[in-house]
There are 2 protein chains.
Amino acid sequence: MRSPYGLQIIENCATCPHKEDRLFCNLAPAALQRLTEITGSATYPKGATLFVEGQPARGVFILCSGHVKLSTSASDGKTLILRISEPGDLLGLPATISGRAYEVTADVIEPTQANFISRTDFLNFLRDHGEAAVRVAQELSETYQSAFAEMRTIGLSHSAGEKLARFILDWGANHKSENGSVKFKLTLTHEEIAQMIGASRETVTRVFADFKKKNLLQIKGSSVTIKSQSGLERLVQGS
Amino acid sequence: MRSPYGLQIIENCATCPHKEDRLFCNLAPAALQRLTEITGSATYPKGATLFVEGQPARGVFILCSGHVKLSTSASDGKTLILRISEPGDLLGLPATISGRAYEVTADVIEPTQANFISRTDFLNFLRDHGEAAVRVAQELSETYQSAFAEMRTIGLSHSAGEKLARFILDWGANHKSENGSVKFKLTLTHEEIAQMIGASRETVTRVFADFKKKNLLQIKGSSVTIKSQSGLERLVQGS
DNA sequence: ACGTAATCGTGACCTGGGTCACGGAATTGC
DNA sequence: GCAATTCCGTGACCCAGGTCACGATTACGT
């Protein structure tokens with residue numbers, strides 16, 4: 001079965017590749033059963049928007065495949081990208097739980113399949129299954145702590161070079177490729193990277209050029225190779 | 001009964017003035033009973049530290065009275081103050097739930113009474129009382145969303161003036177005093193304010209002077225009066 | 001009250017990086 | 001495979017605000 005966007009559909013959670021390592025795995029069978037009953041699945045093309053910052057929370061999305069960009073933007077149009085979500089992530093959790101508005105905007109950046117659970121269904125489910133509620137609290141705590149780490153690197157304003165180095169190291173760690181050497185595809189535009197580290201597009205270009213000149217990185221098209229992990233790490237720690 | 005620091009001690013949660021509006025109020029009596037069993041109380045002098053960023057989480061603190069400063073700091077010594085906690089707040093919740101290290105440092109800035117619940121006791125309590133777990137998830141979500149709002153104002157770097165204006169409006173909103181006009185005590189040093197908005201001490205001084213000159217504020221010692229709410233609000237919204 | 005330490009006020013200076021303005025390279029769409 | 005768009009690279013300019021330096025004030029301990 002294929003979606004309109006050439007996306008392989010994952011039939012249900014039992015066969016989902018993220019079954020093992022994610023939030024609601026080893027719950028009691030009854031809980032799992034209930035969960036599948038209240039879950040609806042859908043696919044989205046690149047460019048679709050799951051929800052928008054400020055919109056009242058409708059419910060949570062569980063990312064099955066594809067990538068989604070979470071961002072927030074100021075009145076003057078400036079945008080800050082907070083995270084690129086991976087399959088297995090829950091989107092819109094804090095807003096759904098607290099009942100406030102979504103605090104970020106979620107844009108699909110590549111064809112994506114996601115499950116949806118409405119707010120009321122989800123809250124009832126949690127109330128009936130304490131174990132799941134604790135799991136959710138844990139997930140929230142972790143989200144909080146990473147958002148927080150993010151915030152530190154932006155807030156305690158390091159230089160643009162430091163922030164970019166940190167970003168590359170993080171990205172490399174999550175997108176390790178095969179052969180041992182740290183080489184990966186960086187599918188974001190300079191503009192997007194700029195928005196992730198809180199800098200301008202031009203600065204990103206310049207710092208990349210600088211890193212290349214200093215032999216910290218090698219860049220060919222969208223593929224990046226880290227030539228000197230230690231060099232980047234040295235940049236990250238203050239001074 | 002008085003503590004060594006001249007602090008009025010609150011005997012137990014039943015008589016606590018925050019009983020009504022806080023996290024674990026209208027729980028089932030059994031849950032409340034269990035909660036008091038696992039809660040220990042203590043008082044702390046100004047300057048004491050409840051926990052330090054990076055330390056493994058021991059448990060949560062419930063602030064009964066006094067104020068606690070939550071901050072994080074970078075290797076180069078720069079500090080970012082995230083929040084001044086008020087009585088009724090839970091401190092160290094995300095770290096305690098997730099089992100990771102405390103993500104902030106909590107320093108007592110005025111004599112304080114706080115209750116403590118150890119991590120294992122707390123987790124067991126949550127598992128046994130699903131309703132409380134949902135409550136905790138809500139609290140986490142809200143903490144997350146405010147931290148997040150904080151992050152936006154710092155990250156989408158507005159000018160120092162904008163950030164200070166926003167800070168003053170927020171502070172004023174939470175510390176409204178009597179007579180209708182917005183006048184309040186600002187018990188923080190310029191240094192601390194600087195750390196809250198991510199600026200240097202001198203800049204804070206200068207912007208304050210500027211606001212005073214523009215008749216937005218009136219400052220006498222540590223008491224601040226907002227002369228033109230609308231003027232400040234105009235500064236806040238971009239451009 | 002008095003000395004010490006912490007805070008505040010202000011000027012001079014300097015720089016990181018934002019902004020503007022292009023032209024060239026690379027994708028994308030038809 | 002050609003046009004249109006989007007992205008990348010780079011120079012010129014500039015300014016908000018960080019840093020340093022130092023003196024004036026205020027708060028605090030004993």
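Below, chains carry the letters A, B, ... as their sequence lines are ordered, and counting in each starts from 1. Because only heavy atoms are used, hydrogens play no part in the values below, and waters and symmetry mates are left out as well, while side chains stay in. Only a predicted model underlies this, so the values are computations on that prediction, with no experimental measurement involved.
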Find the distance [X]:[atom1] to [N]:[atom2] and express it as a whole number of Å.
X         : N       : atom1 : atom2 : result
His190(B) : dT7(C)  : NE2   : P     : 11 Å
Glu162(A) : dG17(C) : CD    : P     : 9 Å
Lys220(B) : dC8(C)  : NZ    : P     : 18 Å
Ile197(A) : dG16(C) : CD1   : P     : 16 Å
Phe211(B) : dC8(C)  : CZ    : C1'   : 17 Å
Lys46(A)  : dT6(D)  : NZ    : C1'   : 11 Å
Glu192(A) : dT6(D)  : CD    : P     : 13 Å
Gln195(B) : dG18(D) : CD    : P     : 13 Å

Checklist line | Worked check of side-chain hydrogen bond (donor to acceptor under 3.5 Å, both in side chains) between Asp107(A) and Thr49(A) | finding: CA-CA 4 Å; Asp107(A) 290 311; Thr49(A) 300; 2.9 Å; yes
Atom pairs, protein N/O to nucleotides 12-17 of chain D N/O, distance under 3.5 Å:
unit_1	atom_1	unit_2	atom_2	d
dG17(D)	OP1	Ala160(B)	N	2.6

Note to self: Test side chain to side chain contact (heavy atoms under 4.5 Å, CB included) on Phe148(B) and Val104(A); report intermediate values, then the result.
What the structure shows: CA-CA 9 Å; Phe148(B) 193 83; Val104(A) 290; 3.4 Å; yes
Note to self: List the residues meeting side-chain hydrogen bond (donor to acceptor under 3.5 Å, both in side chains) with Asp210(A), not counting sequence neighbours, and say none if there are none.
What the structure shows: Lys214(A)
If you restrict it to nitrogen or oxygen atoms, what contacts under 3.5 Å exist between nucleotides 21-26 of chain C and the protein, and what is each distance?
none

Notebook entry, point to check: Touch check for Thr189(B), heavy atoms < 4.0 angstrom, all strands: base, sugar-phosphate only, or nothing?
Noted result: sugar-phosphate
Next item on the list: Report the nucleotide, chosen from dT19(D), dC8(C), dT19(C), that has the shortest atom-to-atom distance to any side-chain atom of Lys78(B).
Entry: dT19(D)
Next item on the list: Nearest 0.5 Å please: distance from the OG1 atom of Thr105(A) over to the NZ atom of Lys69(A).
Entry: 9.5 Å
Checklist line | Contact summary for Glu192(B) and Thr187(B), nearest pair of heavy atoms | finding: OE1-O, 4.4 Å
Does the side chain of [X] pick up a donor-acceptor pair with the side chain of [Y] at under 3.5 Å?
X         : Y         : answer
Gln195(B) : Ser71(B)  : no
Thr72(B)  : Glu53(B)  : yes
Ser41(B)  : Asn115(B) : yes

Check: Hey, would you say the Phe61(B) and Phe51(B) ring centroids sit under 6.0 Å apart?
Finding: yes
